[in-house]
Amino acid sequence: MSKDPYGAFVSVMQSSMVGHTRQALSGVGAVLGTITSTGLKLDDFKHELQDYLVAELPGLLSVPRHMYKGISTSVESENWEGKELKTSFYIGEDELEDVNLSLNKGLKPGDRVLAMRVNSGNDVVVVCKVVNGRG
């Protein structure tokens, strides 16, 4: 019984495409990493990266109505000299424009992060901090 030449051709093409796809996609995608004192260490790469990008999130911040509690100690009155006054401040609902959430300022060495490889794996962007789901 003769072998099907078209079936053999399809098999070779599928095998080749799988190899090329695997090679093209290696080095891209999401990966976990750890912020260090001198850079970023990705879980799947043995060297530390000093040159990486960090996402910033510009936008509009909506703040619900909330209350701040505190103590006032600088009351300008002779009867209140040296006394503390407990107080509460109610802040109404508000929207703040041109707010920028800067992730870079909140990251510390030891923090686990989610990073994305971009530009064919030539650049790495830290997207967010990752924490344990159980609190």
Side-chain angles (χ1 to χ4, degrees):
M1 196 174 202
S2 66
K3 192 171 185 179
D4 179 16
Y6 298 109
F9 176 73
V10 168
S11 177
V12 168
M13 289 301 294
Q14 283 179 330
S15 175
S16 177
M17 292 305 289
V18 166
H20 286 295
T21 302
R22 188 173 293 129
Q23 181 180 6
L25 291 178
S26 68
V28 297
V31 62
L32 290 173
T34 304
I35 297 295
T36 66
S37 60
T38 56
L40 171 66
K41 173 68 178 82
L42 299 177
D43 289 0
D44 66 351
F45 190 63
K46 69 178 183 175
H47 301 289
E48 180 182 80
L49 305 173
Q50 278 82 37
D51 187 25
Y52 61 96
L53 305 167
V54 179
E56 286 190 350
L57 306 172
L60 176 74
L61 177 65
S62 296
V63 181
R65 183 176 188 271
H66 57 284
M67 179 179 65
Y68 288 111
K69 293 183 179 182
I71 297 175
S72 176
T73 58
S74 61
V75 177
E76 298 290 329
S77 173
E78 58 187 61
N79 295 336
W80 288 93
E81 202 69 37
K83 295 185 179 173
E84 294 182 344
L85 178 64
K86 291 183 181 179
T87 186
S88 299
F89 297 97
Y90 289 93
I91 308 296
E93 183 177 324
D94 199 3
E95 289 186 343
L96 306 173
E97 294 182 15
D98 300 324
V99 175
N100 190 30
L101 178 60
S102 182
L103 181 63
N104 196 28
K105 296 186 188 336
L107 295 175
K108 299 179 291 263
D111 284 348
R112 298 286 288 155
V113 295
L114 177 66
M116 294 290 294
R117 289 189 178 94
V118 295
N119 296 334
S120 301
N122 293 321
D123 293 314
V124 175
V125 179
V126 173
V127 178
C128 64
K129 179 178 174 180
V130 180
V131 296
N132 187 327
R134 289 175 263 153

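We count residues from 1, following the sequence as given. Please read these numbers as outputs of a predicted model, since none were measured by experiment. Scope of the values below: all heavy atoms of this structure, side chains included, with no hydrogens, waters or symmetry mates.
- Heavy atoms of other residues, nucleotides or ligands lying less than 6.0 angstrom from CD of Glu97 number 12 at most.
- Shown here is Asp51, whose CG atom has no more than 12 heavy atoms of other residues, nucleotides or ligands within 6.0 Å.
- Counting heavy atoms from C-beta on, the side chains of Leu96 and Val63 come closer than 4.5 Å.
- Considering all non-hydrogen atoms of both residues, Val124 and Ala115 come closest at CG1-CB, 3.6 Å.
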Going through the distances and angles, do Val99 and Leu60 end up as a side-chain contact (heavy atoms from CB on, under 4.5 Å)? CA-CA 6 Å; Val99 175; Leu60 176 74; over 6 Å; no
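- Rounded to the nearest 0.5 Å, atoms CD1 (Ile35) and CG (Leu107) are 5.0 Å apart.
- Pairing each heavy atom of Lys41 with each of His47, the nearest pair is CD-O, 4.1 Å.
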Check the pair Tyr68, Ile91 against side-chain contact (heavy atoms from CB on, under 4.5 Å), reporting the backbone distance first and the verdict last. CA-CA 8 Å; Tyr68 288 111; Ile91 308 296; 3.8 Å; yes
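- With a 6.0 Å radius and a threshold of 12 heavy atoms from other residues, nucleotides or ligands, Asn100 has its CG atom above the threshold.
- Taking CG from Asp43 and OG1 from Thr34, the interatomic distance works out to 5.5 Å, rounded to the nearest 0.5 Å.
- Each of Leu114, Asp111, Val113 was checked for a side chain to side chain contact (heavy atoms under 4.5 Å, CB included) with Val126, and the lone residue meeting it is Val113.
- At least one side-chain heavy atom of Arg117 sits less than 4.5 Å from a side-chain heavy atom of Asp44.
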Assess the residue pair Phe89 and Met67 against the criterion (side-chain contact (heavy atoms from CB on, under 4.5 Å)); give the C-alpha distance rounded to whole Å, side-chain angles, the decisive distance to 0.1 Å, and a yes or no. CA-CA 6 Å; Phe89 297 97; Met67 179 179 65; over 6 Å; no
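- Under the 4.5 Å side-chain heavy-atom criterion for grouping Ile, Leu, Val, Met, Phe, Trp and Tyr, Phe45 is connected to Val54 within one hydrophobic cluster.
- In this structure, Val127 is not a member of the same hydrophobic cluster as Leu53, with clusters built from ILVMFWY side-chain heavy atoms closer than 4.5 Å.
- The CD atom of Glu48 sits 7.0 Å away from the OG atom of Ser37 when rounded to the nearest 0.5 Å.
- Note on Leu49 and Val31: same hydrophobic cluster, where clusters join Ile, Leu, Val, Met, Phe, Trp and Tyr whose side-chain heavy atoms are under 4.5 Å apart, directly or indirectly.
- Annotation: side chain of Val131 is not in contact with side chain of Arg112 (no heavy-atom distance under 4.5 Å).
- For the residue pair Pro64 and His66, the shortest heavy atom distance occurs at O-ND1, 2.7 Å.
- In plain terms, the two heavy atoms of Leu103 and Lys129 that are nearest each other are CD1-N, 4.3 Å.
- Distance CD/Glu56 to OG/Ser102: 4.0 Å, rounded to 0.5 Å.
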